[in-house]
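Scroll down for the structure; my scribbles are underneath it.
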2 protein chains.
Amino acid sequence: MRDVAEAAGVSTKTVSEVVNGIGQVRESTRRRVMATIEELGYQPNPAARRLNSESTGVLTLALPRLASGLHAALAAAVIEVAESGGRVVALEPTGGDPERELEILRNDSGVADGAILALVALGEQAGGAVAGAPVVLLGTRPLRLPFDQVVADSAAMTESAVALLRSHGRERVAILGTEELLSPHLPPAGAAGAAEAAKAGLRVAANALTRAAGYAAVDSLAAGGVPFDGLVALGDALAFGALHALRDRSLAVPADVEVIGIGRAAESAYSWPSLSTVEADVRDMAERAHAWLLERIAGETGPPRHYDVPFTVVERESTRPTG
Amino acid sequence: MRDVAEAAGVSTKTVSEVVNGIGQVRESTRRRVMATIEELGYQPNPAARRLNSESTGVLTLALPRLASGLHAALAAAVIEVAESGGRVVALEPTGGDPERELEILRNDSGVADGAILALVALGEQAGGAVAGAPVVLLGTRPLRLPFDQVVADSAAMTESAVALLRSHGRERVAILGTEELLSPHLPPAGAAGAAEAAKAGLRVAANALTRAAGYAAVDSLAAGGVPFDGLVALGDALAFGALHALRDRSLAVPADVEVIGIGRAAESAYSWPSLSTVEADVRDMAERAHAWLLERIAGETGPPRHYDVPFTVVERESTRPTG
DNA sequence: TTGAAAGCGCTAACAA
DNA sequence: TTGTTAGCGCTTTCAA
């Protein structure tokens with residue numbers, strides 16, 4: 001920058017102002033400086049720039065893993081949004097490890113101005129942890145935590161899915177998820193009544209959010225003799241595993257069992273049969289989370305906010321009423 | 001840091017040395033400083049640290065998109081490797097846009113010390129561009145470009161796939177890919193002979209690396225009346241589209257047509273039928289690319305290097321010989 | 001083995 | 001409208 005200033009015959013301050021497009025610089029001066037910058041191929045040093053501002057220009061995006069259509073889409077959206085704001089996104093696959101999630105929360109590395117964090121392992125017990133930098137949470141259900149939260153409400157999405165299957169005349173709709181995801185759908189402890197008990201039998205817990213777990217869970221459900229004619233899978237991976245299991249058990253989709261996933265379109269359109277889904281608006285999530293994070297970084301101190309992401313039901317072959 | 005120095009009764013230099021584990025510091029002093037650091041919860045400011053070193057600690061990883069199992073896996077691997085080296089990875093989905101690829105090559109943003117770049121749109125014409133920072137290329141075939149290249153050789157992988165199908169007695173193996181990917185498999189222009197001509201009919205060009213394009217290409221191949229009993233799809237997305245198309249055309253897999261993809265395991269195991277694949281060692285790619293990039297950043301100036309990534313053939317249902 | 005002090009490249013008061 | 005100058009938090013000579 002000094003070189004530029006000297007070559008253009010101005011002070012570094014003027015160069016700085018031109019580069020940042022601030023201050024009152026005479027047009028002729030600006031042009032001269034611009035030309036010199038061009039000529040010398042000058043590029044501002046981001047580190048130096050940040051030394052003053054106390055900020056690094058880096059946002060952390062922490063997700064359990066990238067090998068999930070939903071998360072990949074989310075990551076792409078966040079990156080795009082952040083980039084248009086001139087910020088760099090450091091992706092951090094946590095693998096669903098609570099330790100890693102805590103590290104992000106505390107901003108152990110210290111390299112980020114703030115983080116967008118999809119909490120999976122950590123629940124409300126994370127409340128004890130003190131965030132080392134502003135944090136916005138991404139989740140599938142609201143948590144009682146002192147952070148802004150952008151929620152693609154799994155319970156509400158599941159309800160829509162169930163409602164769709166019911167409208168197709170399916171009475172015995174099983175719900176497949178992990179324990180955690182399932183909890184909002186379980187009848188309250190001690191609830192009486194045969195209907196409730198029967199429903200409970202249709203809640204299938206997979207031990208992970210993977211295709212293999214989805215396969216295993218549905219396989220044993222089918223083996224168990226509890227009849228079902230509808231299946232809602234909380235996650236694409238589970239849904240694909242489920243489709244596979246149903247096929248191996250010679251249960252036709254959608255004739256015998258209609259299947260719908262809570263997840264992501266792109267993944268689903270080319271399975272066989274193509275999978276109906278309930279999809280959250282990923283772009284909207286990214287924008288909201290990003291906007292809130294920037295506000296917090298800028299010093300906003302209001303109470304934790306909460307945003308429900310809109311979603312859509314997309315019908316494909318797996319729920320197309322036969323006939 | 002000044003605070004720590006004062007509190008510990010030493011100079012900032014000593015603190016700096018302790019933090020970085022360099023220099024000759026007496027054990028007792030080191031301990032005292034460590035304790036003070038702990039006590040004050042001091043964290044070094046990365047921006048300031050970089051001011052001296054002229055480096056930003058950021059590596060760019062540019063991939064066409066994240067919504068591909070292979071690329072997601074690659075990204076995860078690179079991030080992990082880079083992180084263990086204390087560096088942050090800025091992910092840059094280029095969407096296969098040549099403009100974006102050029103920007104990365106030139107390091108327009110100036111925020112990265114170097115880039116790992118999966119070139120898709122830009123070919124050898126990129127040779128004219130001057131890299132703004134060290135670059136390592138990731139690709140499916142070697143390019144005549146003055147950059148280090150880590151290549152998961154699509155041609156070699158395809159040959160292995162074809163060999164497998166042949167060993168199952170399949171004589172008419174179609175190859176599905178984009179024009180670009182297909183080019184190494186086309187008979188040389190003007191080659192004579194009926195055999196060659198027939199082979200040419202079994203090269204199917206999809207107009208994009210998507211499931212939809214794979215579907216369309218295989219659909220019209222099947223419609224075209226050219227018989228085939230084996231199919232190699234250059235990419236998971238194409239393979240899934242192909243499976244779908246074959247099903248719709250009532251061609252049984254693997255009985256009528258054996259199918260194998262060049263791609264990524266995780267995606268493939270739960271399709272139906274599960275897809276056999278030829279898989280490059282993603283972790284190996286990441287490590288090699290990262291290592292070379294760091295060497296270049298450190299000033300290594302040798303001639304462009306070239307590394308062939310090892311790969312494995314994984315058999316699943318789609319190529320299991322019937323019987 | 002340690003300290004003092006000079007920058008790294010930039011921004012921002014304060015002056016002119 | 002522009003220049004001077006003092007830092008931002010750290011690393012690193014040069015001395016002690």
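Here is how names work: the chains are called A, B, and so on, in the same order as the sequence lines, proteins then strands, and each is numbered from 1.
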Measure from CD1 on B/Ile22 to P on C/dT2 and round the result to the nearest Å.
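The distance from CD1 of B/Ile22 to P of C/dT2 comes to 14 Å, rounded to the nearest Å.
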
Measure from CG on B/Asp3 to C1' on D/dC10 and round the result to the nearest Å.
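Atom-to-atom, B/Asp3 to D/dC10, this comes out as 14 Å.
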
What is the per-nucleotide protein-contact pattern of nucleotides 5-11 of chain C, from the 5' end, where B denotes a base atom under 4.0 Å from a protein heavy atom, S denotes such proximity for sugar-phosphate atoms only, and - denotes neither?
B-BBBBB

Looking at [Y] and [X], is any side-chain nitrogen of the basic one under 4.0 Å from a carboxylate oxygen of the acidic one?
X: A/Arg87; Y: A/Glu83; result: no
X: A/Glu17; Y: A/Arg30; result: no
X: B/Arg32; Y: B/Glu27; result: no
X: A/Asp148; Y: A/Arg296; result: yes

Would you say CD of A/Glu300 has more than 12 non-hydrogen atoms from neighbouring residues, nucleotides or ligands within 6.0 angstrom?
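Above 12, so yes.
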
If you compare every side-chain N and O of B/Thr29 against the phosphate oxygens of C/dT2 (OP1, OP2), does one of them come in below 4.0 Å?
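Yes, B/Thr29 has a side-chain N/O under 4.0 Å of OP1/OP2 on C/dT2.
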
